[in-house]
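Data first, discussion second: the structure below is written as structure tokens.
Because the structure is a prediction, the values reported are computed rather than measured.
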Amino acid sequence: MSRPTPAQIAYGSATVVFTTLAMLLLTGADTGPGVAVIALAALALGLLVASLVRIPRERADAAARLPEQRTPAHVASAVGEHSLHG
């Protein structure tokens with residue numbers, strides 16, 4: 001398991017804080033168990049958001065493994081050539 005990036009930590013933390021505040025304000029929870037449920041739900045959502053943040057290094061590695069892709073202009077010219085000679 002790799003270490004979390006600063007972006008993952010920032011997005012996850014912000015999600016936890018803002019989700020907790022929003023749910024506390026919207027539900028009006030004032031008991032211990034209610035606040036605990038809200039805090040756990042916000043933590044789970046923060047972990048989900050942090051895990052979904054893309055890591056640039058993995059994206060670059062994945063792009064390097066993909067075969068070379070044609071641009072739409074190349075595809076259009078190739079289709080045009082085949083229809084002329086076809």
Side-chain angles (χ1 to χ4, degrees):
M1 177 183 265
S2 62
R3 292 183 178 182
T5 63
Q8 287 175 311
I9 293 171
Y11 281 122
S13 298
T15 300
V16 170
V17 170
F18 290 122
T19 302
T20 303
L21 289 175
M23 289 195 322
L24 285 173
L25 290 172
L26 290 173
T27 63
D30 56 359
T31 63
V35 172
V37 167
I38 288 173
L40 287 174
L43 181 61
L45 185 61
L47 288 172
L48 177 68
V49 168
S51 67
L52 293 177
V53 173
R54 301 261 183 202
I55 300 173
R57 181 183 36 173
E58 288 180 1
R59 234 183 324 174
D61 291 343
R65 287 189 298 251
L66 291 176
E68 184 178 329
Q69 295 180 355
R70 296 177 138 184
T71 61
H74 289 115
V75 172
S77 66
V79 170
E81 290 172 4
H82 288 297
S83 62
L84 291 176
H85 300 293

**Separation of L25 CG from I38 CD1 (nearest 0.5 Å)** = 9.5 Å
**Asked** Between T19 (side chain) and V16 (backbone), is there a donor-acceptor pair under 3.5 Å?
**Response** no
**Message:** Among T5, L52, V49, which residue satisfies the side-chain contact (heavy atoms from CB on, under 4.5 Å) criterion with Y11?
**Reply:** V49
**Prompt:** Do you know which two heavy atoms are closest between A42 and M23, and how far apart they sit?
**Reply:** N-CE, 4.2 Å
**Request:** Find the distance between CG (L43) and CG (L48) and round it off to the nearest 0.5 Å.
**Result:** 11.5 Å
**Item:** Nearest non-hydrogen partners of G12 and A50, listed with the distance
**Value:** CA-CB, 4.1 Å
**Message:** On a heavy-atom basis, which atom in Q8 and which in R3 lie closest, and how many Å separate them?
**Reply:** OE1-O, 4.3 Å
